[in-house]
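Below is one structure, written out as C-alpha cells, with a few remarks after it.
Quick note: numbers below take in every heavy atom, side chains included, and nothing from hydrogens, waters or symmetry partners.
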Amino acid sequence: MNKKYYRSTILYILSMLIPKICAMLIIPVYAYHLSPAEQGIYAITLSITTVMSIGSAMGLNAYYLRFYGEAHDKGEFNGTIYWFLVIWNFFFSFIVYFGGERIWKLFEKSIPYYPYMFFAVAAQFFNSLEIIPMRTFRVKGESIYYLLLVFVKTVLIYGCGLYFVIYKNTGIMGRYYSDLIASFITGMIFIIYMLKNSKWKIRRIRLISALKFSLPIMPADLTQVSEPMIMNIIINKMLSLSQVGVYSLGTSVSSAIGMVTQSISLSLEPEIYGRTGDIEYPLFCKKIKNYMMVIGGFFCFGCGLFIRELTLLFLPQEYWGIWKIVQVLSIGYLVSVLKGQIVNLIIVENKTHVLFPSNLMGLATEVVFTCILIKFLGEGGLGWAVFSGQLFVVGLLYNQIDKRKYNRYYIKKDIIYIMAVLLLLFISRVIHNISFTYCITLKIILLSCVIYASVRYYGLDFRNIIIKK
C-alpha cells in the first residue's frame with residue numbers, strides 16, 4: 001500500500017512537471033517567432049476557454065470521484081456520466097461559439113472573432129473528452145496511463161506548435177492548430193478507452209442525482225477560476241509594473257509546492273472517496289489529514305527556508321525581494337492543504353452547496369486585505385492577503401462538517417502547526433546575518449528538527465501510509 005501511493009505520487013508529479021518544463025523551454029522560441037500582440041490574442045482566448053471548462057465539466061468530475069466506489073455497475077455508471085458529458089459538450093460548444101460572438105465584439109472590436117475562437121472552442125470540446133477518463137485512470141490506480149496520455153498530449157502540442165510556427169510560418173495560428181490536433185488525437189483515444197470501459201447507456205435516475213450533486217459546485221469552481229483575474233485587475237491598478245512582475249515571479253516559484261501537494265492528493269482522493277462506508281472512516285480521514293499536513297509542512301517550510309539563498313544565487317538583483325513573498329505564499333499553500341482535506345469531507349457529506357458561498361466570502365476577504373495591506377507593504381502584502389483569505393475559507397468550511405460524525409476531526413492542532421511553521425520561518429531570518437556556509441548549515445539542522453518535531457506532533461509512521469492513532 002505504501003509503495004502504491006509513493007509510485008502514484010511520483011507519476012502524478014511527472015505528469016504536472018513535464019508540461020511545465022516544456023512550456024518554459026518553448027517560451028524563448030515563441031517569443032522570437034510571435035509578436036506580443038499575437039501572444040496577447042492567445043492569452044485572451046485561453047482565459048475564455050478556461051472559464052468554459054467549468055461548464056464543460058458541470059462539476060460531474062467531483063461526482064464521479066465521490067461515487068465511483070459505491071457504484072455496483074461500473075459500466076453503467078461510466079456510461080451515464082461520460083456519454084452525457086460528450087453530448088452536453090457538443091451542444092455547449094455550439095452555444096459558446098455562436099452566442100459568444102456578439103459579446104466578443106462588445107469588448108474586443110480590434111481582434112477578429114474567427115478563426116481564433118473557432119479553433120479555441122473546438123480544441124476545448126475535444127479536451128472535454130478527457131474529463132472522465134483521466135479520473136477513471138485515478139480511481140482504477142492506472143497512474144501510468146495518466147502520465148502516458150499527458151506525455152503524448154504534451155509532445156503533440158509543442159511538437160506540432162514548433163512545426164507550424166517555425167517551418168510553416170503560420171504565426172499564432174500555429175498554436176491553435178497544434179492545440180486542436182493534440183486534443184483531437186487524445187480525445188479519440190479517450191473515446192476508444194471509454195467504449196471499452198462503459199455501457200452506451202444514460203440512466204436517467206443516476207443522471208438527475210449526479211446533477212443535483214454537481215451543479216452547486218460550478219459557481220464555486222467559477223469563483224476559483226475568477227480569483228486570479230480579479231486579483232490581477234486590482235494589483236495592476238495599485239502597483240507599478242515592476243512590483244507586479246516581482247509578485248508574479250514569486251507566485252510562479254511558490255507554485256512548485258502546490259504541484260507536489262496536489263500530486264499527493266491525486267493519489268489519495270480515490271482512497272478517500274472509496275472508503276466512505278467503512279466504520280472507522282472518520283478516523284481514516286483524520287489520519288490522511290495528518291499525513292498531508294506533515295508532507296505539506298515539509299515542502300512549505302523547506303521552500304520558505306531556502307528560497308532566499310536560491311534567489312540570491314540564480315536571480316538578478318531586481319528580483320531578490322521575492323524571497324519574502326514566497327515565504328508567506330508557501331504558508332498559504334500549507335493552509336490550502338488543510339482546506340483541500342476539509343473540501344473532501346464536504347463532498348463526501350454531499351454538502352456541495354456550501355462551497356460557493358464559502359469561496360465567494362474567501363475571495364471577498366482576500367480582496368479587502370489586498371486593498372488594505374498593499375498600501376503598507378506593497379507587493380509583499382499580497383502574500384498575506386492570500387494567506388488570510390485561505391484561512392477564512394478553512395474556518396467557514398470546517399463549520400459545515402458534521403461534528404457528530406467527525407467528532408475527532410479537529411483543526412485547532414493544524415492551525416497551531418501552521419502558525420508555528422510561519423513563526424519559525426520569520427525566526428530563521430535572524431541567521432541571515434552570518435556567513436553563507438554557517439547559514440546553510442543551521443538551516444539544514446533547523447529543517448531536520450522541524451521534520452522530526454512534525455512527525456512526533458502528528459504521530460506519523462512513514463513505514464506505512466496509514467498513521468498511528
Side-chain angles (χ1 to χ4, degrees), residues 12 50-71 74 77-86 88-89 92 127-141 143 146 190 194 198 202-203 205-227 258 261-277 281 285 288-289 292 336-360 362 393-394 396-398 400-402 406:
Y12 288 133
T50 300
V51 176
M52 181 183 169
S53 65
I54 296 173
S56 295
M58 295 187 74
L60 288 171
N61 48 339
Y63 175 86
Y64 185 82
L65 286 174
R66 166 63 181 85
F67 291 100
Y68 179 88
E70 298 179 9
K74 306 297 185 187
F77 181 82
N78 288 348
T80 298
I81 305 302
Y82 186 69
W83 299 117
F84 168 76
L85 280 179
V86 171
W88 158 250
N89 277 285
F92 181 57
N127 283 331
S128 69
L129 301 179
E130 72 178 39
I131 294 172
I132 299 303
M134 292 297 271
R135 283 155 182 83
T136 307
F137 294 152
R138 290 171 57 192
V139 295
K140 294 177 69 174
S143 51
Y146 188 103
F190 288 124
M194 291 307 292
S198 69
I202 299 178
R203 188 182 175 195
I205 297 176
R206 168 75 70 181
L207 181 59
I208 293 173
S209 173
L211 291 175
K212 285 182 179 179
F213 175 91
S214 65
L215 288 178
I217 298 177
M218 288 180 62
D221 290 341
L222 184 61
T223 305
Q224 286 188 315
V225 171
S226 304
E227 179 186 359
T261 54
Q262 187 180 353
S263 299
I264 299 173
S265 296
L266 289 175
S267 300
L268 293 176
E269 278 180 359
E271 185 79 8
I272 293 172
Y273 295 137
R275 295 182 56 171
T276 54
Y281 181 73
C285 290
I288 292 297
K289 172 181 68 68
M292 288 295 297
S336 69
V337 170
L338 178 59
K339 175 188 171 185
Q341 298 308 303
I342 297 175
V343 168
N344 285 338
L345 294 187
I346 294 292
I347 292 175
V348 166
E349 293 184 345
N350 300 339
K351 295 180 179 179
T352 53
H353 61 280
V354 307
L355 294 175
F356 171 61
S358 298
N359 284 350
L360 187 62
V393 173
V394 165
L396 291 175
L397 292 176
Y398 178 70
Q400 301 299 323
I401 296 175
D402 187 352
Y406 299 97

- request: Carefully, step by step, assess Val139 and Tyr64 under the rule side chain to side chain contact (heavy atoms under 4.5 Å, CB included).
  value: CA-CA 9 Å; Val139 295; Tyr64 185 82; 4.2 Å; yes

task: Using only heavy-atom distances, determine whether the side chains of Tyr146 and Arg135 contain a donor-acceptor pair under 3.5 Å.
output: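 Their side chains do not contain a donor-acceptor pair, so the 3.5 Å distance test is not met.
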
- prompt: Does a donor on one side chain and an acceptor on the other come within less than 3.5 Å for Tyr68 and Asn78?
  reply: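 Their side chains do not contain a donor-acceptor pair, so the 3.5 Å distance test is not met.
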
Short question: side chain of [X], backbone of [Y] - any donor-acceptor pair under 3.5 Å?
X	Y	answer
Lys351	Gln400	yes
Gln341	Ile288	no
Tyr63	Met58	no
Ser209	Arg206	no
Ser128	Ser56	no

For [X] and [Y], work out which heavy atoms get closest and say how close.
X	Y	value
Met218	Gly59	CG-N, 4.0 Å
Lys289	Leu338	CD-CD1, 3.9 Å
Thr80	Arg203	OG1-N, 3.1 Å
Ile202	Gly79	CG1-O, 4.2 Å

Just so I know, are the side chains of [X] and [Y] near enough to count as touching, which here means a heavy-atom distance under 4.5 Å?
X	Y	answer
Phe84	Leu60	yes
Met194	Thr136	yes
Tyr12	Ile264	no
Phe356	Ile217	no
Ser53	Asn127	no

message: Between Val86 and Tyr82, is the side chain to side chain contact (heavy atoms under 4.5 Å, CB included) condition met? List the steps.
response: CA-CA 6 Å; Val86 171; Tyr82 186 69; 3.7 Å; yes

In Å and rounded to the nearest 0.5 Å, what is the [atom1] to [atom2] distance from [X] to [Y]?
X	Y	atom1	atom2	result
Ser267	Arg138	OG	CZ	8.5 Å
Leu65	Leu266	CG	CG	9.0 Å
Leu355	Asn359	CG	CG	6.5 Å
Thr276	Asn344	OG1	CG	12.0 Å
Ser358	Ile346	OG	CD1	7.0 Å
Leu85	Glu130	CG	CD	12.5 Å

- prompt: More than 12 non-hydrogen atoms from neighbouring residues, nucleotides or ligands closer than 6.0 Å to NZ on Lys140, yes or no?
  reply: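 Yes, because the 6.0 Å sphere around NZ of Lys140 holds more than 12 heavy atoms from other groups.
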
message: Quick check on Ile205: does its CD1 atom have over 12 non-hydrogen neighbours (other residues, nucleotides or ligands) under 6.0 Å away?
response: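 Not more than 12 within 6.0 Å, no.
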
message: According to side chain to side chain contact (heavy atoms under 4.5 Å, CB included), who are the partners of Pro216, at least two apart in sequence or on a separate chain?
response: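 With sequence neighbours excluded, Pro216 shows a side chain to side chain contact (heavy atoms under 4.5 Å, CB included) to Thr352, His353, given in chain and number order.
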
message: Between Asn350 and Arg66, is the side chain to side chain contact (heavy atoms under 4.5 Å, CB included) condition met? List the steps.
response: CA-CA 9 Å; Asn350 300 339; Arg66 166 63 181 85; 4.0 Å; yes

query: Hey, mind stepping through Trp88 and Phe92 against ring-ring contact (aromatic ring centres under 6.0 Å, His included) and telling me if it holds?
result: CA-CA 6 Å; Trp88 158 250; Phe92 181 57; 5.0 Å; yes

field: Steps toward side chain to side chain contact (heavy atoms under 4.5 Å, CB included) verdict (Trp83, Ser198)
entry: CA-CA 9 Å; Trp83 299 117; Ser198 69; 3.1 Å; yes

- request: Please step through ring-ring contact (aromatic ring centres under 6.0 Å, His included) for the pair Phe67 and Tyr273, ending with a clear verdict.
  value: CA-CA 7 Å; Phe67 291 100; Tyr273 295 137; 9.0 Å; no

